[in-house]
Every structure is written in C-alpha cells, then in structure tokens.
Amino acid sequence: TGYIMEMDDTGFYTIIQVCSANDWVTSYILKYDGNRFTEIAAQNGGVGDKSSISGNQITFDTRVDVFGTYGVKIPMRLENDQLTNVDDFIKFVNEPDPEIYDSFDSPESKAIYNKEGYRVLTLKRTLMAMSDDGNIEIGKGQQIIPDGYNEKEKKFYFRYQDKQYYFTYEEDQDGYTFTIDGVNQEDMFVYLPYAG
C-alpha cells in the first residue's frame with residue numbers, strides 16, 4: 001500500500017509499505033522532485049491509515065523487542081528529507097483484556113497477564129526501580145505492567161501500584177540480551193514473551 005504526502009508544487013513524498021511473509025512491515029519514504037524518485041528513509045512498521053499522517057508527522061504501527069515483544073506506535077517527523085522521532089519515549093500498546101487471563105492455563109501465560117488482562121512481567125527476584133519521587137524495591141513474585149521505553153537512555157518504564165517507575169538496562173553487543181544491574185533478563189523475570 002502507499003500514501004502520498006504533498007511537498008510543494010514541484011514534487012511530493014510517497015510512503016510505500018512492503019509486507020514480508022511473516023507479517024513484518026517496512027515503510028519506504030521516497031521523494032519525487034519532478035524528475036526522479038529518491039529514497040529518503042526506511043522505517044520498521046506500517047502506516048495504519050491516512051489519519052496516521054498529519055502535516056509532516058507520521059505515526060508508524062510496529063513492534064519492538066525489549067523484555068518481550070510489544071506493539072508500539074512511533075510518531076516521527078519528516079523535515080528536510082530526514083525522518084526523526086518526535087519523542088525518545090516509545091509507548092507500548094498495552095490495553096487490558098479482562099477475558100484473556102481466564103483463557104490461559106499455562107504458568108507462562110499466567111506470568112505475562114494479570115487478572116485485569118494487562119501484559120505484565122513477573123519478577124523472579126527483587127528489582128530496584130526509580131521514579132521522580134525516589135527509589136523503590138519491588139519483591140520477588142510481584143508483577144509490573146510494561147509502559148514503554150527510551151532506547152537512547154536505556155530506560156524501561158512500567159506501572160506498579162498505579163504509579164510509573166523505570167529501571168535502566170544494558171544491552172549486549174548482540175542486541176538481543178539485556179541485563180539489569182548486571183543481572184541477565186532471564187534471571188530477573190519468570191518468562192519473557194518474545195514473538196517469532
């Protein structure tokens with residue numbers, strides 16, 4: 001699928017979306033200057049519909065893998081032929097589904113959904129977290145609700161007892177293994193639901 005974004009009376013931008021066999025979507029932004037097309041950027045994710053484009057801002061629907069796989073909407077800005085994030089904070093799509101908890105019976109499923117139907121992470125050990133008001137220690141067996149992350153600052157945000165906290169993490173060279181205060185992610189959480 002494709003979308004046209006007006007540039008001026010001499011050219012335009014177009015967004016071409018390509019879907020792979022495993023439903024992974026990549027969006028290519030091309031500029032037409034009246035003579036030829038030039039690729040400006042490639043972005044993981046697709047544009048849901050025309051309402052996802054407002055002026056020079058485009059919101060991409062995609063997924064990210066950080067302490068599990070989460071759906072996200074990433075607002076980006078197209079200026080001077082550059083595509084940049086509007087905000088460094090990427091919010092997870094984590095809406096409650098009250099029926100989902102009762103539909104699962106495996107320990108893994110019970111470890112990634114709470115009774116309200118939110119995606120959660122269940123702690124295997126104590127986690128030290130921070131907020132604007134100070135630090136908190138969250139004990140083994142407690143569940144936190146993932147909220148989003150800041151890849152630049154390596155901060156993972158979550159909700160616990162109706163308040164937002166975060167912890168910082170380190171990423172190994174492979175780009176897939178994360179640690180929190182030197183503790184491997186597999187040793188911190190009961191189960192991490194990565195897709196694929």
Side-chain angles (χ1 to χ4, degrees), residues 1-97 100 112 118-119 121 145-159 164 166-180 184-185 192-196:
T1 55
Y3 296 95
I4 300 294
M5 298 175 65
E6 289 187 20
M7 187 172 70
D8 52 40
D9 56 3
T10 64
F12 59 85
Y13 294 102
T14 183
I15 301 173
I16 305 296
Q17 301 179 112
V18 179
C19 186
S20 68
N22 66 352
D23 293 333
W24 185 260
V25 178
T26 302
S27 294
Y28 296 92
I29 300 180
L30 308 176
K31 178 181 180 180
Y32 182 69
D33 63 6
N35 295 309
R36 62 184 178 156
F37 283 100
T38 305
E39 183 180 323
I40 298 299
Q43 172 65 32
N44 287 333
V47 178
D49 53 43
K50 188 65 176 173
S51 67
S52 299
I53 303 172
S54 177
N56 68 342
Q57 188 166 308
I58 312 162
T59 300
F60 294 94
D61 294 334
T62 187
R63 61 181 189 233
V64 295
D65 294 333
V66 51
F67 300 104
T69 300
Y70 301 94
V72 294
K73 292 180 181 295
I74 304 180
M76 304 194 83
R77 187 180 294 114
L78 181 63
E79 284 183 318
N80 302 319
D81 295 345
Q82 297 290 319
L83 191 64
T84 57
N85 283 22
V86 170
D87 192 346
D88 290 328
F89 174 73
I90 306 299
K91 184 165 180 57
F92 298 142
V93 178
N94 191 5
E95 298 297 325
D97 179 358
I100 199 164
I112 60 172
Y118 283 103
R119 283 276 301 272
L121 291 173
I145 301 174
D147 216 15
Y149 78 112
N150 182 324
E151 186 175 27
K152 185 186 288 184
E153 296 183 0
K154 298 290 187 272
K155 291 180 177 178
F156 187 92
Y157 291 85
F158 63 91
R159 280 172 286 137
Q164 189 180 66
Y166 69 88
F167 58 80
T168 57
Y169 63 93
E170 299 82 41
E171 185 176 336
D172 281 2
Q173 291 178 348
D174 62 11
Y176 296 102
T177 306
F178 302 111
T179 57
I180 305 161
N184 185 285
Q185 61 184 7
L192 289 169
Y194 284 105

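What's counted below: heavy atoms across the whole structure, side chains too, no hydrogens, waters or symmetry copies.
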So, do R63 and W24 sit near enough that their side-chain heavy atoms are less than 4.5 Å apart?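 They are in side-chain contact.
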Check whether any side-chain heavy atom of Y3 lies under 4.5 Å from a side-chain heavy atom of I53, and answer yes or no.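 Side chain of Y3 against side chain of I53, heavy atoms only: contact under 4.5 Å found.
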With a 3.5 Å distance limit and no angle check, can you tell me whether N94 reaches the backbone of I145 through a side-chain donor-acceptor pair?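 No; judged by distance alone, with no hydrogens or angles, the pair does not exist.
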Counting only N and O atoms by type, is there a donor-acceptor contact under 3.5 Å from the side chain of S27 to the main-chain atoms of Q17?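 Side chain of S27 to backbone of Q17: no pair is present.
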Sequence neighbours excluded, which residues qualify as ring pair (Phe, Tyr, Trp, His ring centres under 6.0 Å) partners of Y118?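 Applying ring pair (Phe, Tyr, Trp, His ring centres under 6.0 Å) to Y118 gives none.
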Excluding sequence neighbours, so at least two apart, what forms ring pair (Phe, Tyr, Trp, His ring centres under 6.0 Å) with F156?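 Partners of F156 under the ring pair (Phe, Tyr, Trp, His ring centres under 6.0 Å) test: F67, F92, F167.
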Under the criterion side-chain contact (heavy atoms from CB on, under 4.5 Å), I'd like the reasoning laid out for N150 against Y166: C-alpha separation, chi angles, the key distance, then a yes or no. CA-CA 10 Å; N150 182 324; Y166 69 88; over 6 Å; no
Atom pair [atom1] ([X]) and [atom2] ([Y]), whose distance is rounded to the nearest 0.5 Å:
X    : Y    : atom1 : atom2 : answer
K31  : F12  : NZ    : CZ    : 12.0 Å
R77  : D87  : CZ    : CG    : 9.5 Å
T62  : I74  : OG1   : CD1   : 6.0 Å
R119 : E95  : CZ    : CD    : 13.0 Å
I15  : I29  : CD1   : CD1   : 5.0 Å
K154 : T179 : NZ    : OG1   : 11.0 Å

For K155 and Y169, which heavy atoms make the closest approach, and how far apart are they?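 Shortest heavy-atom contact: N-CE2, 3.6 Å.
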Closest heavy-atom pair and its distance - F178, E171: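 Closest heavy-atom pair between F178 and E171: CE2-CG, 3.6 Å.
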Apply side-chain contact (heavy atoms from CB on, under 4.5 Å) to K91 and Y157, showing your working. CA-CA 9 Å; K91 184 165 180 57; Y157 291 85; over 6 Å; no
For R159, enumerate each residue passing the salt bridge (charged side-chain N to carboxylate O under 4.0 Å, His left out) test, keeping only those at least two apart in sequence or located in another chain.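 Partners of R159 under the salt bridge (charged side-chain N to carboxylate O under 4.0 Å, His left out) test: D147.
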Would you tell me whether D81 and Y13 have side-chain atoms, one donor and one acceptor, within less than 3.5 Å of each other?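 A pair is found: one side chain offers a donor N or O, the other an acceptor, under 3.5 Å apart.
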Kindly list each side-chain donor-acceptor pair under 3.5 angstrom involving residues 54-61, sequence neighbours excluded, with atom names and distances?
residue, atom, partner, partner atom, Å
N56, ND2, L78, O, 3.4
D61, OD1, K73, NZ, 2.9

Set out, in order, the CA-CA distance, both residues' side-chain angles and the distance that settles side-chain contact (heavy atoms from CB on, under 4.5 Å) for T84 and E79, then state yes or no. CA-CA 8 Å; T84 57; E79 284 183 318; 5.5 Å; no
Can V25 and V47 be said to form a side-chain contact (heavy atoms from CB on, under 4.5 Å), step by step? CA-CA 9 Å; V25 178; V47 178; over 6 Å; no
What pairs with S51 under side chain to side chain donor-acceptor pair (under 3.5 Å), at least two apart in sequence or on another chain?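 S51 satisfies side chain to side chain donor-acceptor pair (under 3.5 Å) with D49 only.
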Quick one: list whatever passes side chain to side chain contact (heavy atoms under 4.5 Å, CB included) with L30, sequence neighbours left out.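 L30 satisfies side chain to side chain contact (heavy atoms under 4.5 Å, CB included) with T14, I16, F37, E39 once adjacent residues are dropped.
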Is K50 atom NZ crowded by more than 12 heavy atoms from other residues, nucleotides or ligands, each under 6.0 Å away?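 For K50, atom NZ is crowded (more than 12 foreign heavy atoms under 6.0 Å).
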Answer yes or no: are there more than 12 heavy-atom neighbours, outside E151 itself, under 6.0 Å from its atom CD?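 At most 12 heavy atoms, drawn from other residues, nucleotides or ligands, come within 6.0 Å of this atom.
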